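Notes for the one structure printed next.
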Amino acid sequence: RTPQIPVTLPTYDEMVGRNGVNDTNYNDYVLQLLRHDALNVLTIHAEAEGRSCRDMFNTFIKAARARGATFAALGTLPAESPAIGTSAIVRGEVRGREGWVAVEAEADNRRSGITQ
């Protein structure tokens, strides 16, 4: 009964250095993944977005807001929210992550590099 809200966007460490993504184009890459018809969830890390990538993250927030995005802490979303929906959670692997992680069981999972 506890909501499990999967991350839907790739994290900085999962993408930079792969498929031509670098510090210069990471924000643009993530911004083009945002969907207006779904809940977009991005994990941020204190050591990256809070420190070494702070300016880049601030730029991302401004650009996302300019595109109409709003931000909310996941704990503020009600479990019945239509934005959350329901689906199964399975073990998967993500390039750039060690070991398995819990991922949403969807054939078209949008996070780059997920295998189930």
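What you are looking at is a predicted structure, and each value in this text was computed from that prediction instead of being measured.
Looking only at distances, a side-chain donor or acceptor of Y26 sits under 3.5 Å from a matching main-chain atom of Y12. Side chain of N40 to backbone of L9: no donor-acceptor contact under 3.5 angstrom is found.
Scored by the side chain to side chain contact (heavy atoms under 4.5 Å, CB included) test, T24 finds N22 as partners (sequence neighbours excluded). In this view, D13 and T11, H45, R97 satisfy the side chain to side chain contact (heavy atoms under 4.5 Å, CB included) rule, not counting sequence neighbours.
Applying the 6.0 Å contact sphere to CD of Q32 captures more than 12 heavy atoms from other residues, nucleotides or ligands.
A single hydrophobic cluster is not seen to contain both V7 and W100; linkage of ILVMFWY side chains at heavy-atom distances under 4.5 Å, directly or through other members, places them apart.
In this structure, CG in L34 is found 8.5 Å from OG1 in T8, a value given to the nearest 0.5 Å.
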Return all side-chain donor-acceptor pairs below 3.5 angstrom for residues 50-68, not counting sequence neighbours, or 'none' if the list is empty.
from : atom 1 : to  : atom 2 : distance (Å)
S52  : OG     : E47 : O      : 3.3
N58  : ND2    : R54 : O      : 3.4
T59  : OG1    : D55 : O      : 3.0

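When all heavy atoms of P10 and L33 are compared, the closest pair comes out as CD-CD1, 3.5 Å.
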